[in-house]
Participant: 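Below is the structure I would like to discuss, written out as structure tokens.
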Amino acid sequence: MSILQLQNTLREKVGETAREKFNIELEQIAAEIPPKTELGDLAFPVAFELAKQIKQATGEKQNPRNIAEILKVSLESFDFVAKVEVAGAGYLNVFYDRAKFFAESSEITFLKTPDQRSPKVCVEHTSVNPNKSMHIGHARNSVLGDTFVRILKATGKRVETQNYIDNTGVQVADVVVGFLHLRKLNLEQIKDLESHLQIPFDYYCWDLYTEVGKFYASNAENLKFRAETLHELERGEGEIYELADYVATRNVECILQTMERLDIRYDLLPRESDILHLHFWAKAFDLMKERGVVRFETEGKNKGCWVMPFDSHEGTDEHEADKILVRSNGTVVYTGKDIAYQMWKLGLLGTDFCYRLFYTYDDGKQVWVTTADKTEPENLPEFGNSEVVFNVIDSRQAYPQEVVKEGVATIFPEKGEGASVHLSYEMVALSVSAALELGLSLTEDDKTRPFIEMSGRKGWGVKADDFINLLEEKAFTEVSTRNPDFSLEKQKLIAHQIAVGALRYFLLKFTKNTIIVFDFKEALAFEGETGVYCQNAAVRFNSIFKKLEENALEDARQTFSMENKIVSEIFDSEIGNEIWSLAALALRLEETISQAAIATEPAILAKYNFNLSKAMHLFHHNHRIITEENAVKRAVLIAIADLARRALTGGLQTMGIEVPERM
RNA sequence: GCUCUCGUAGCUCAGUAGGAUAGAGCGAGAACCUCCUAAGUUCUAGGUCGCAGGUUCGAUUCCUGCCGAGGGCACCA
């Protein structure tokens, strides 16, 4: 029986007893982990609630402690429960039978694998404009999205990961303007330039994009180049389109490489150009008209537009409550296209992309890209058609995302709003000191602000690759000093794993709706609450097992199962609470991952991994396994250490963090 | 103007389906390497949970108002 199952069983029993003894139907039964191991493994503050409801129902005033005493008796009937105590004003504290419970669960595996028969869910993340390199704020999106994918998979969900490519938007147009009108280069010349470029292509574009911003600022007339270019991109053919397609694709390749460094991969790259060329909007528009959810305005300020009635809280008057989807000149707004695209993801559009293979990763995993050309590639996976779609998009887009969600739900009430989830998060901004370190020219007003927003347009930001490099260099210095016997290759691998762990943990330890104010010192830390701290706990435990005899774990399990009585005594001894609390914490991984999935909050998992690591470092400090002379105690310690390292390895893996061989 | 999010230790942040003594990291001050790696462990100092009301046996958590910070509110993308 797992901890989750036991909790639910106990919860049911509490509800049942409340019904039988007090004639009260409890809607929800809260259970909590007591603040200290001495207070038990699970607590029900339910007697307070019952006392209140009994008073309401009968007017009779009952002491919560008396109520708890009655519930106590019924819970004690389970064999997994060692004892139940009534504590404080009426808490019901449940103590598990540690030896029995541990014997049953010491071999548990924590992570589920995706069930191929379960309905597919889609997570879209990254989705950066393919016109420059990624900065650390973009990386937050990807790390959050990728970790959420891992969390869903660990709960057994089948997940499709998409990275949307806006290859026909203003940002791509702007960098194309830079190539055409500032650099005066055609496609061949760009390729030639690239062949002897000292910096990566996306870095080059980063600088060029900033120049274009200045180009527009210097003379508003220059904006006509943007309009021209956008028009060409929309047309979908011709020299400029070809050039833009090349530039965008090259940037996508660079971005995929950056993400590969963080162990982030995709299944599909849906491109905006294909949404345009395959007329997704027209299809969606037909469906909307068919279902009568859009209206053509013949008068008022929206005259000539197609609108969708929208009873959102955002509108200030009745008119603004309607969302314009088609402008009076007949063109569709961005949100309209987004609704069509969201319909495709959910399998509601009734039309599909064409596909071709974009790239094959080292281990053979494939990432596909959409096209508008009819092709019939071999081994084409099935894309789209997801039960639920999670869009990882920063909180500034909350309003358009709300429109998409409500829009789709209006067209398909049978599907409902639950199918579209905006996985919203706050941006990464620069601290004033970090901005100054980067040499940005801040105004006096800027310097008084709580943070400085990153801006691709201004060229303000810490590039993801630069920062990973910085972390790798720092880690390499440490690794090579500590492990001079390792080959250079191995040292570099470990430094890389540490860098990834540090960055991913840093981006995940904050809850989604906290603005991360990026500060170099804090982000580069390898001590305290960091990924490195967690990795180190796992490495230390692994090194114990390397030094133990070959069959130590199997032997321990055998000793353990035969000596139930002595095991009980150990758990009841002086060190019992401490070692049991580590075991109990390790056994909570599954529950934690499930909580993180329900709350769409990877930070819950990050905090768990940190707390588990802390308990492990403490355990490591207090107990010597290898030299332990009492065979049964040694077996218990080995089994707990194994449980803990497997839980931590699984928890870290779910965050996309590897455990290095040595550190 | 309308609307959303946030305000917890010197700093950066957790927490709260209303509940036991409000936690962690950093920073500050001390102690611990002959020891399965000190990227570690232990101890100390540090809080009117923005302010004021309300609901409740009980509020940092829920409600209202105020103050402060940051978003979002186009026939932009």
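Reminder, nothing fancy here: chain letters follow the sequence lines and each chain counts from 1.
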Participant: Going through the distances and angles, do A/Lys521 and A/Asp519 end up as a salt bridge (Lys or Arg N to Asp or Glu O under 4.0 Å)?
Facilitator: CA-CA 6 Å; A/Lys521 188 169 172 288; A/Asp519 179 81; over 6 Å; no
Participant: Give a yes or no on whether the ring-centroid distance for A/Phe518 and A/Phe451 is below 6.0 angstrom.
Facilitator: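 No, too far apart.
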Participant: Taking the six-membered ring where the residue is Trp, are the ring centres of A/Phe619 and A/Phe541 under 6.0 Å apart?
Facilitator: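 Yes, ring centres under 6.0 Å apart.
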Participant: Looking at A/Arg327, I'd like to know whether one of its side-chain N or O atoms comes within less than 4.0 Å of OP1 or OP2 on B/rC76.
Facilitator: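 The answer is yes; a side-chain N or O of A/Arg327 sits under 4.0 Å from OP1 or OP2.
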Participant: Both distances below 3.5 Å, Watson-Crick or wobble geometry, any strand: find the nucleotide opposite B/rC6.
Facilitator: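 Result: B/rG68.
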Participant: Send over the distance from A/Glu85 CD to B/rA20 P, rounded to a whole Å.
Facilitator: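 My rounded result for the distance is 18 Å.
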Participant: Could you tell me whether A/Ala30 contacts a base, only the sugar-phosphate backbone, or nothing, with contacts defined as non-hydrogen atoms closer than 4.0 Å?
Facilitator: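 Here A/Ala30 touches the bases of the nucleic acid.
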Participant: Say we look at B/rA69 and B/rU12: how far apart would their P atoms be, to the nearest angstrom?
Facilitator: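 Each nucleotide's P atom is 16 Å from the other's.
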Participant: Considering only the P atoms, how many Å lie between B/rA74 and B/rC2, rounded to the nearest integer?
Facilitator: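 Those two atoms are separated by 16 Å.
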Participant: In the strands shown, is B/rC73 matched to any nucleotide by a Watson-Crick or G-U wobble pair with both distances under 3.5 Å, and which?
Facilitator: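 Partner of B/rC73: B/rG1.
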Participant: Are A/Phe476 and A/His496 an aromatic pair, judged by ring center distance below 6.0 Å?
Facilitator: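 No, ring centres 6.0 Å or more apart.
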Participant: What's the gap between B/rC57 and B/rA30 when it is taken at their C1' atoms, as a whole Å value?
Facilitator: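 Looking at atom C1' only, B/rC57 and B/rA30 are 44 Å apart.
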Participant: Between B/rC62 and B/rG18, how far is it from one P atom to the other, in whole Å?
Facilitator: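 Here B/rC62 and B/rG18 have their P atoms 8 Å from each other.
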Participant: Under 3.5 Å, is there an N or O donor on one side and an acceptor on the other linking the side chain of A/Asn611 and the base of B/rA14?
Facilitator: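 No such pair is found, so the answer is no.
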Participant: If the C1' atom of B/rA9 is compared with that of B/rC49, how far apart are they to the nearest Å?
Facilitator: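 So the two C1' atoms sit 10 Å from each other.
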Participant: For B/rA24 and A/Tyr533 - does any side-chain N or O of the residue sit under 4.0 Å from the phosphate oxygens OP1/OP2?
Facilitator: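 For B/rA24, OP1/OP2 do not have a side-chain N/O of A/Tyr533 under 4.0 Å.
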Participant: Remember a base hit wins even if backbone is also touched, and classify A/Thr627 as base, sugar-phosphate or nothing at under 4.0 Å, heavy atoms.
Facilitator: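 If one applies the 4.0 Å heavy-atom cut-off, A/Thr627 turns out to touch nothing in the nucleic acid.
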Participant: Ring-plane angle category for A/Phe285 and A/Trp306, please: parallel below 30°, perpendicular beyond 60°, tilted otherwise.
Facilitator: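 Taking A/Trp306 first and then A/Phe285, their aromatic rings stand perpendicular (interplane angle over 60°).
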Participant: Using whole Å, what does the distance between atom P of nucleotide B/rG25 and atom CG of A/Asn609 come to?
Facilitator: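 Rounded to whole Å, this separation is 16 Å.
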Participant: Indicate whether OP1 or OP2 belonging to B/rC6 is found under 4.0 Å from a side-chain N or O atom of A/Asn513.
Facilitator: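 Result: yes.
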Participant: How would you label the contact of A/Phe541 with the nucleic acid (heavy atoms, under 4.0 Å): base, sugar-phosphate, or nothing?
Facilitator: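 Counting heavy atoms under 4.0 Å across all strands, no contact is made by A/Phe541.
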Participant: Rounding to the closest angstrom, what is the interatomic distance between B/rU48 and B/rA22 at atom C1'?
Facilitator: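 It works out to 13 Å between them.
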Participant: NA contact type, A/Gln535, heavy-atom cut-off 4.0 Å: base, sugar-phosphate, or nothing?
Facilitator: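 Nothing, no nucleic acid heavy atom in range.
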Participant: Counting only side-chain N and O atoms of A/Ser395, is one of them less than 4.0 Å from OP1 or OP2 of B/rG71?
Facilitator: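 No.
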Participant: Tell me what A/Pro35 touches on the nucleic acid: a base, only sugar-phosphate, or nothing, going by heavy atoms under 4.0 Å.
Facilitator: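 Base: the residue A/Pro35, judged by heavy atoms under 4.0 Å, touches a nucleobase.
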Participant: Are any of A/Arg482's side-chain N or O atoms less than 4.0 Å away from OP1 or OP2 of B/rA39?
Facilitator: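 The answer is yes; a side-chain N or O of A/Arg482 sits under 4.0 Å from OP1 or OP2.
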Participant: Under 4.0 Å, counting only non-hydrogen atoms across every strand here, what does A/Ala603 touch: a base, just sugar-phosphate, or nothing?
Facilitator: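 No contact.
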Participant: Between A/Asp322 and A/Arg295, is there a salt bridge with N-O shorter than 4.0 Å?
Facilitator: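 Salt bridge flag = yes for A/Asp322 with A/Arg295.
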Participant: Look at all strands and tell whether A/Arg449 reaches a base, only sugar-phosphate, or nothing, counting heavy atoms closer than 4.0 Å.
Facilitator: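 Sugar-phosphate only.
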Participant: Before accepting this row, confirm whether a basic side-chain N of the pair A/Asp338/A/Lys405 lies closer than 4.0 Å to the acidic partner's carboxylate O.
Facilitator: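 Salt bridge absent between A/Asp338 and A/Lys405.
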Participant: Please state whether the phosphate of B/rC75, meaning OP1 or OP2, lies under 4.0 angstrom from any side-chain nitrogen or oxygen of A/Ser328.
Facilitator: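 For B/rC75, OP1/OP2 do not have a side-chain N/O of A/Ser328 under 4.0 Å.
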Participant: Quick check on B/rU37: is either OP1 or OP2 less than 4.0 Å from any side-chain nitrogen or oxygen of A/Lys547?
Facilitator: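 Checking A/Lys547 against B/rU37: at least one side-chain N or O falls below 4.0 Å of OP1 or OP2.
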Participant: Go ahead and name the base partner of B/rC62; Watson-Crick or wobble counts if both distances stay under 3.5 Å, otherwise write none.
Facilitator: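 B/rC62 is paired with B/rG54.
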Participant: Rounded to the nearest Å, what distance is computed from the CD1 atom of residue A/Ile625 to the P atom of nucleotide B/rC35?
Facilitator: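 After rounding, the reported distance stands at 18 Å.
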Participant: Please name the nucleotide paired to B/rA22 by Watson-Crick or G-U wobble geometry with both distances under 3.5 Å, or report none.
Facilitator: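 Base-paired to nothing in any strand shown.
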Participant: To the nearest Å, how far apart are A/Met616 CE and B/rU41 C1'?
Facilitator: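 Those two atoms, CE and C1', are 15 Å apart.
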